[in-house]
Amino acid sequence: MDVTVRNLTIGEGKPKICVIVMGRSKAEVLEAAKKAVESKADLIEWRADSLTEGEFDEDFHNDILTEMREIIGEMPIIYTFRTLLEGGKEIENEKYKDLILSVANAGIIDLIDVEVFSFKLKARDIIDEIHSFTNVKVIGSYHDYEGTPDTAELVYRLSVIDNCNADILKIATMPHKKKDVMRIMTATILTYTRPNPKPIISIAMGNMGRVTRLLGGFTGSSITFASIGRSSAPGQMDIEEVREILTKLDEVL
Ligand SMILES: O=C1C[C@@](O)(C(=O)O)C[C@@H](O)[C@@H]1O
């Protein structure tokens, strides 16, 4: 079950490269958006939690997105507000929900990240609501910056995200040993080889986890995140480096 947004099909062919746009103010965000266009990435993720100006103001976020769209044209946009527990900024549950629904409803973006475990069973309601009134696709996500659960737990979490009706299933955890990296890769391949799998994004963070950013296609991970300047997570690499390595790997694998 591939996911198509604009001219991009996620889950088909090679993993897509997504660059991260961050900035404290509208000016910084739009400047980063220009760099994202120059990078010729497949899509961009705006980490809206990096704002300090108008940080929780829905209208302001939509206003930034309108100008961002003019800059980036047809490149698909992921909107992400990462909460404190999962590596971003503190936000009240109700505010998070309002922000997500308002941005999805405005229809400027193509994909939106919804943290499935930050809101327990309510994540499904948020996702169903987004699907009921927009064409925006949902990335259901789970991040653990402290460690990596065992393989069964990772597979279980991916299935919970799936049952919440997310269109794309995403897990990112912190490995402490090589076995942790293998757990992420195993959980991905086990989920991906089920009948009619949804696209998966799986990441082991930190330097040890870089193998998942470069060989994700082997296990069924459909997007790799790269930076243009400032990275948004440990172990994330610059887009030029990622592209060069992926091109080389493609020649030999
Ligand atoms: O969840 C992800 C993946 C990520 O955490 C990474 O490790 O590259 C970077 C985040 O910006 C993004 O939302």
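Since the model is a prediction, treat every value here as computed from it, not as a measurement. Counting starts at 1 for both ligands and their atoms, following the listed order. Heavy-atom basis, side chains included; hydrogens, waters and symmetry copies ignored.
Counting heavy atoms closer than 4.0 Å to ligand 1, residue Ile20 contributes side-chain atoms (C-beta onward) but none from N, CA, C or O.
Residue contact check: Arg213 has heavy atoms under 4.0 Å from atoms 6 (C), 7 (O), 8 (O) of ligand 1. Residue Ser232 has at least one heavy-atom neighbour below 4.0 Å for each of these atoms of ligand 1: 9 (C), 10 (C), 11 (O). Close approach to His143 involves these atoms of ligand 1, each under 4.0 Å from a residue heavy atom: 1 (O), 2 (C).
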Indicate every side-chain donor-acceptor pair of residues 244-253 with a distance under 3.5 Å to a residue at least two apart or in another chain.
unit_1	atom_1	unit_2	atom_2	d
Thr247	OG1	Arg243	O	2.6
Asp250	OD2	Lys14	NZ	3.3

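Identified under the ring-ring contact (aromatic ring centres under 6.0 Å, His included) test for residues 140-164, with sequence neighbours left out: Phe117-Tyr142.
Contact check for Ile130 versus Leu101: side-chain heavy atoms found under the 4.5 Å cut-off.
Put simply, Leu65 and Val138 are part of the same group of oily side chains (I, L, V, M, F, W, Y) that touch within less than 4.5 Å, one to the next.
Using a cut-off of 4.0 Å between Lys/Arg side-chain N and Asp/Glu carboxylate O, Glu53 and Lys26 are scored as not salt-bridged. Lys95 and Asp98 are not joined by a salt bridge, as no carboxylate oxygen comes within less than 4.0 angstrom of a charged side-chain nitrogen.
What sits closest to atom 5 (O) of ligand 1 on the protein, heavy atoms only, is Ala233 CB, 3.5 Å. Looking at atom 2 (C) of ligand 1, its nearest protein heavy atom turns out to be Lys170 NZ, 3.0 Å. Of all protein heavy atoms, the one lying nearest to atom 13 (O) of ligand 1 is Glu45 OE2, 2.6 Å. Counting protein heavy atoms only, atom 3 (C) of ligand 1 is closest to Ile203 CD1, 3.4 Å.
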